[in-house]
Amino acid sequence: MEMTPRENMMAIYEGRQPEYYGDFQWAVKIMIDPIWKSDSMPKDGREHKDSWGTVCVNPIDGAGKHPVITPENAVVTDITKWREQLVIPSLDDKDWSECQAKAAQVDRSQHFLEYFCAQGIFERSHFLMGMEEAFCAYLEEPEAMFEMLTAIADYKKRLIKEAAFHIQPDVIFFQDDWGSKQNLFLPPDTWREMIKPLQKEIADVIHECGMIYVHHADCICEPIVEDMAEIGVDIWQGVIPQNDIVSIQERLGGRMALIGGVDGPAIDDPDTTDAEIMTEVHRCVDTYCPAGRFYPGAPAHLLREPNEHLVEADLRVYGAQWAREHPIR
């Protein structure tokens, strides 16, 4: 009998034989909750404030909102005074009824119900201060910065529990980009001191609430992959090939599943041919699927059309072919 999308992705997750290899996100239904809605903004290219007071712009032709922080509009201008300057949003006045109604329509035998949790503790820190000022605060005032991060993490833990109470997600998609395509934003030891213990607390709450923890970071995380597995990240989504993925798989020994591998920017040109897209998809599958617990796909679904569609179409065909030709014994 044919596997459902959920069954197929769980087979990969558990190291069993799937019918095809493909993107884990094919098997999820994402819920638009009241917190996400309160932080959303129109794609009008104009400045708007999110629920934390951060000024953001969502470009008309862009991929999504981004913060626009200046000395005049930064929420936190002095990390030692963050308690006086930061007002953490309330979770008490949110109406979950619309989200609950949509969640009730999801057939969980077919798909995972996925809760999208945007702007993790690192991202929120630079959303509040601006990237340069946040970096300085991490290194020059680590005690004050850790206190603010703890307050943000406490908010996240409460939020995850709220989501669990109202819609009982199967999966959380926790977004926090910890690096660029060249390196981590923070030195690894700083990340371990400031981010890791708080992220471990968040991971514990996620698991206590019965969710699979998918962490999105479409960037370099190679220096901290063992730490990610140690704190309880179940699946790292956004594994760009600028990481040495084969080496990462060897180091992890299957302790954390991975999603990604397709070099999106390399095939995101208007002149990219179908053959070039196919070659990159096949390279990803052939190189990374042999280690197991790997979901091939684009680390971020932001490719131009028709390139995005062609990646998925070819992956669906070749991912099934590869599964047939490489059975798990």
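Position 1 is the first residue of the sequence; numbering continues from there.
Here the CG-CG distance, from L139 to L186, works out to 7.5 Å after rounding to the nearest 0.5 Å. The structure places CD1 of I202 at 9.5 Å from CD1 of I152, a figure rounded to the nearest 0.5 Å. In this structure, OG1 in T4 is found 3.5 Å from CD in E7, a value given to the nearest 0.5 Å. With rounding to the nearest 0.5 Å, the separation of NE2 in H207 from CD1 in I160 is 10.5 Å. For the atom pair CD1 of I121 and CD1 of I195, the computed distance is 4.0 Å after rounding to the nearest 0.5 Å. How far SG of C219 is from CG of N183: 10.0 Å, rounded to the nearest 0.5 Å.
In this structure, the side chain of Q85 engages the main chain of T77 through a donor-acceptor pair within 3.5 Å. In this structure, the side chain of N307 engages the main chain of I267 through a donor-acceptor pair within 3.5 Å. With H48 contributing its side chain and V57 its backbone, the two residues share no donor-acceptor pair below 3.5 Å. In terms of modelled atom types and a separation under 3.5 Å, the side chain of D263 and the main chain of P241 share no donor-acceptor contact. Judged by distance alone, the side chain of Q168 and the main-chain N or O of F165 form a donor-acceptor pair under 3.5 Å. H215 contributes no side-chain N or O that, together with a main-chain N or O of I235, makes up a donor-acceptor pair within less than 3.5 Å. In this structure, the side chain of Q110 does not engage the main chain of D107 through any donor-acceptor pair within 3.5 Å. Checking side-chain atoms of T279 against main-chain N and O of A275 turns up a donor-acceptor pair under 3.5 Å. Judged purely by atom type and a 3.5 angstrom limit, R6 uses its side chain to pair as donor or acceptor with the backbone of R108.
Considering all non-hydrogen atoms of both residues, M211 and A164 come closest at CE-CB, 3.9 Å. Across all non-hydrogen atoms, the minimal contact from D177 to A217 is OD1-CA, 3.2 Å. The two atoms that bring D33 and C99 nearest to each other are CA-SG, 3.9 Å, heavy atoms only. What you find for M194 and P142 is that their closest heavy atoms are CE-O, 3.2 Å. Smallest separation of non-hydrogen atoms from A300 and D218: CB-OD2, 3.4 Å. Across every non-hydrogen atom of D23 and G297, the tightest pair is OD2-CA, 4.4 Å.
Residue pairs satisfying the ring-ring contact (aromatic ring centres under 6.0 Å, His included) criterion with at least one member in residues 236-295, sequence neighbours excluded, are listed as follows: F24-Y295, H282-Y318, Y288-F294. Sequence neighbours left out, not one pair with a member in residues 318-329 passes salt bridge (Lys or Arg N to Asp or Glu O under 4.0 Å). Applying the side chain to side chain donor-acceptor pair (under 3.5 Å) test to residues at least two apart or on different chains, the pairs with a partner in residues 140-151 are R83-E147. Sorted by first and then second residue, the side chain to side chain donor-acceptor pair (under 3.5 Å) pairs involving residues 239-261 (not counting sequence neighbours) are E226-R251.
For H216 and W178, the distance between ring centers is not under 6.0 angstrom.
Look at K161 and E208 and you find no salt bridge, because none of the NZ, NE, NH1 or NH2 atoms lies under 4.0 Å from a carboxylate O. Between D154 and R158, no side-chain nitrogen of the basic residue sits less than 4.0 Å from a carboxylate oxygen of the acidic one, so the salt-bridge criterion is not met.
Under the salt bridge (Lys or Arg N to Asp or Glu O under 4.0 Å) criterion, R283 pairs with E280, sequence neighbours left out. For E201, the salt bridge (Lys or Arg N to Asp or Glu O under 4.0 Å) partners are K157, not counting sequence neighbours. Partners of W26 by ring-ring contact (aromatic ring centres under 6.0 Å, His included), not counting sequence neighbours: none found. In this structure D39 satisfies the side chain to side chain donor-acceptor pair (under 3.5 Å) test together with S51, sequence neighbours excluded. Annotation: salt bridge (Lys or Arg N to Asp or Glu O under 4.0 Å) contacts of E230 (sequence neighbours excluded): K196.
Hydrophobic clustering keeps I32 apart from L91 (ILVMFWY residues linked when any side-chain heavy atoms are closer than 4.5 Å, directly or through intermediates). Using a 4.5 Å cut-off between side-chain heavy atoms of Ile, Leu, Val, Met, Phe, Trp and Tyr, with links allowed through other members, M9 and V214 fall into the same hydrophobic cluster. No continuous path of hydrophobic side-chain contacts links V55 to V75 [ILVMFWY only; heavy atoms under 4.5 Å]. The hydrophobic cluster containing L258 also contains I172, counting ILVMFWY residues as joined when their side-chain heavy atoms lie under 4.5 angstrom apart, directly or transitively. V285 is connected to V311 through a chain of hydrophobic side-chain contacts under 4.5 Å among Ile, Leu, Val, Met, Phe, Trp and Tyr, so both are in one cluster.
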Check step by step if side-chain contact (heavy atoms from CB on, under 4.5 Å) holds for Y13 and N8.
CA-CA 9 Å; Y13 183 75; N8 191 86; over 6 Å; no
Take F174 and K156 through the side-chain contact (heavy atoms from CB on, under 4.5 Å) test and state the conclusion after the steps.
CA-CA 10 Å; F174 193 97; K156 286 292 186 182; 4.2 Å; yes
Does the pair N58 and H66 meet the rule for a side chain to side chain donor-acceptor pair (under 3.5 Å), with working shown?
CA-CA 6 Å; N58 196 351; H66 61 266; over 6 Å; no
Please step through side-chain contact (heavy atoms from CB on, under 4.5 Å) for the pair L198 and F146, ending with a clear verdict.
CA-CA 9 Å; L198 298 174; F146 189 78; 3.9 Å; yes
Report the C-alpha separation of L159 and I35 in whole Å, then their side-chain angles, then the decisive distance to 0.1 Å, and conclude whether the side-chain contact (heavy atoms from CB on, under 4.5 Å) test is met.
CA-CA 9 Å; L159 174 54; I35 290 83; 3.5 Å; yes
Could you pull out every donor-acceptor pair under 3.5 Å between side chains of residues 127-138 and any protein atom, sequence neighbours left out?
unit_1 : atom_1 : unit_2 : atom_2 : d
Y138   : OH     : S125   : OG     : 2.9

Under 3.5 Å donor-acceptor pairs involving side-chain atoms of residues 112-119, not counting sequence neighbours:
unit_1 : atom_1 : unit_2 : atom_2 : d
E114   : OE1    : Q25    : NE2    : 2.8

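Residues V246 and I248 have side chains not in contact (no heavy-atom distance under 4.5 Å, counting atoms from C-beta outward).
In the hydrophobic clustering, V317 connects to no other residue, as no ILVMFWY side-chain heavy atoms lie under 4.5 Å from its own.
Around the CZ atom of R46, the shell of radius 6.0 Å holds no more than 12 heavy atoms that belong to other residues, nucleotides or ligands. Annotation for K43: atom NZ counts as buried by contact number, over 12 foreign heavy atoms lying within 6.0 Å. Atom NZ of K94 has more than 12 neighbouring heavy atoms from other residues, nucleotides or ligands inside a 6.0 Å radius. Atom NE2 of H309 has 12 or fewer neighbouring heavy atoms from other residues, nucleotides or ligands inside a 6.0 Å radius.
Ring-plane geometry between W322 and H326 is classed as parallel, the angle between the planes falling under 30 degrees on a 0 to 90 degree scale with a further cut at 60.
A donor atom on one side chain and an acceptor atom on the other are not found under 3.5 Å apart for W191 and D189. In this model, no donor atom of one side chain and acceptor atom of the other lie less than 3.5 Å apart for H111 and D170.
When each of D61, D268, D269 is tested with R304 by the rule salt bridge (charged side-chain N to carboxylate O under 4.0 Å, His left out), just one qualifies, namely D268.
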